[in-house]
**Q** 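Would you mind keeping the following structure in view while I ask a few things?
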Amino acid sequence: MTSLQAEKPHPAVEHVPLLKGKKIAVFGVANKWSIAWAITQALSRAGAQIALTYIDERTEEKVRSLAATLPHHPLILPCDVTQEDQVDTVFAKIKHEFGTLDGIIHAIAFAKKEELEGSFLKTSRDGFRIALEVSAYSLVTLARAAAPLMESGGSIVTLSYIGGKRVIPNYNVMGVAKAALECCVRYLAAELGEKNIRVNAISAGPVNTLAARGIGGFQDLVKHVGNKAPLKRNIEAEEVADTALYLASALSRGVTGETLYVDAGYHIVGA
């Protein structure tokens, strides 16, 4: 192999128990391919006590099946983040079971499939509202409920995408939602910093998840990013998970209000 050829990505790093005794709630695990699940596994390996949520009965079965594979049995709770009463109930149960909380992972995003292809001008009012409410405002909802449980400080981590800063074909209203999400990160970081609660986002490169496949032309996007990124490859969910572990741990104790790119360097190139 020549020096100019890209090396294959390293396997997932084996972690020392960075999060031993820490309690973290993960919102957004949908299936075994989701980035949220890769993050959950990394946090659990690092010793964290996990709370997982599911949105409906169909998702519940998948989440419970995945949870059974973790070394430490997690707390499993229903939560539709668009329903304030459900959010309140989840954190009341977390307080009852855990007492306190050290972090949350916000891996929630949604837009109607028809809004993720074709013309942005055709974005519907309802489609715009749903994308912003689920994908951005939900971070505010969860942070508001979680903050009182973070008595000794904590870490809030969300997932973004470069489509919030640049125009990505067919990403459309989700790009607007990610821009709003990153802005929420900064405002929350400024307000919660005095409580020693850090708020950061990870802007991940395209990962071949079920949710991502709903974006029109996704496979073409993956190919383009893999060719253009400085590392000459696409990323894997485990690489995002390792960054989430860093942000959830004391290693990042001086970092807040940031958007960290895990995209093989794609964000630094022109196109």
**Q** Determine which pairs satisfy side chain to side chain donor-acceptor pair (under 3.5 Å) with at least one residue from residues 87-104, sequence neighbours left out, and list them in order.
**A** none
**Q** So which heavy atom on Val134 is nearest to which on Ala109, and how close?
**A** CG1-C, 4.4 Å
**Q** Testing Asn234, Ile235, Asp263, Ile162 for side chain to side chain contact (heavy atoms under 4.5 Å, CB included) with Val225, which one passes?
**A** Asn234
**Q** Check the surroundings of atom NZ in Lys23: do more than 12 heavy atoms from other residues, nucleotides or ligands lie under 6.0 Å from it?
**A**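 Check passes, neighbour count above 12.
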**Q** Within this structure, what is the CZ-OG distance for the pair Arg129 and Ser124, rounded to the nearest 0.5 Å?
**A** 9.0 Å
**Q** Please work out whether the ring planes of Phe91 and Phe27 are parallel, tilted or perpendicular, with thresholds of 30° and 60°.
**A** parallel
**Q** Is a side-chain donor or acceptor of Asn200 paired with a backbone partner of Gly257 at a separation under 3.5 angstrom?
**A**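 Judged by distance alone, yes, a pair lies under 3.5 Å.
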**Q** Check Ile24, Ile39, Val199, Ile202 against Val157 for a side chain to side chain contact (heavy atoms under 4.5 Å, CB included) and give me the one that passes.
**A**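 So the option named by the test is Ile202.
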**Q** Does Tyr261 have its ring centroid less than 6.0 Å away from the ring centroid of His267?
**A** yes
**Q** For Ser135 and Leu181, which heavy atoms make the closest approach, and how far apart are they?
**A**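 So the two residues come closest at O-CD1, 3.5 Å.
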**Q** Tell me every residue that passes salt bridge (charged side-chain N to carboxylate O under 4.0 Å, His left out) with Lys112, counting only those two or more places apart in sequence or in another chain.
**A**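 Listed in chain order: Asp126.
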**Q** Can you establish whether the number of heavy atoms outside Arg64 located under 6.0 Å from its atom CZ is more than 12?
**A**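 Counting other residues, nucleotides and ligands, CZ of Arg64 exceeds 12 neighbours.
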**Q** Among the clusters formed by ILVMFWY side chains lying less than 4.5 Å apart, do Leu19 and Leu149 turn up in the same one?
**A** no
**Q** Might you confirm whether atom CD of Glu191 has over 12 heavy atoms from other residues, nucleotides or ligands at distances under 6.0 Å?
**A** no
**Q** What is the minimum heavy-atom distance between Ala180 and Ala136, and which atoms define it?
**A** CB-CB, 4.0 Å
**Q** Would you please test Glu239 and Arg233 for salt bridge (charged side-chain N to carboxylate O under 4.0 Å, His left out) and show each step?
**A** CA-CA 13 Å; Glu239 293 172 300; Arg233 63 173 177 84; 2.8 Å; yes
**Q** Is the CZ atom of Phe120 crowded by more than 12 outside heavy atoms at less than 6.0 Å?
**A** yes
**Q** What is the distance from atom CD1 of Ile108 to atom CG of Leu142, rounded to the nearest 0.5 Å?
**A** 5.5 Å
**Q** Between Arg144 and Glu84, is there a side-chain N and carboxylate O pair less than 4.0 Å apart?
**A**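 Yes.
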**Q** So for atom CZ, which belongs to Phe98, do other residues, nucleotides or ligands contribute more than 12 heavy atoms lying within a distance under 6.0 Å?
**A** yes
**Q** Check Val29 against Thr59 and note the closest heavy-atom contact, atom names and distance.
**A**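 So the minimum-distance heavy-atom pair works out to O-CG2, 3.9 Å.
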**Q** Should the heavy atoms of other residues, nucleotides or ligands under 6.0 Å from CD of Glu61 be counted, would the total exceed 12?
**A** no
**Q** Any salt bridge between Lys165 and Glu182, counting N to O under 4.0 Å?
**A**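 Looking at Glu182 together with Lys165, the answer is yes, because their closest N to O distance falls below 4.0 Å.
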**Q** What are the two closest non-hydrogen atoms of His106 and Ser138, and how far apart are they?
**A**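 Residues His106 and Ser138, closest heavy atoms: NE2-OG, 2.7 Å.
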**Q** Could you pull out the closest heavy-atom pair between Glu115 and Thr123, with the gap in Å?
**A** OE1-CA, 3.3 Å
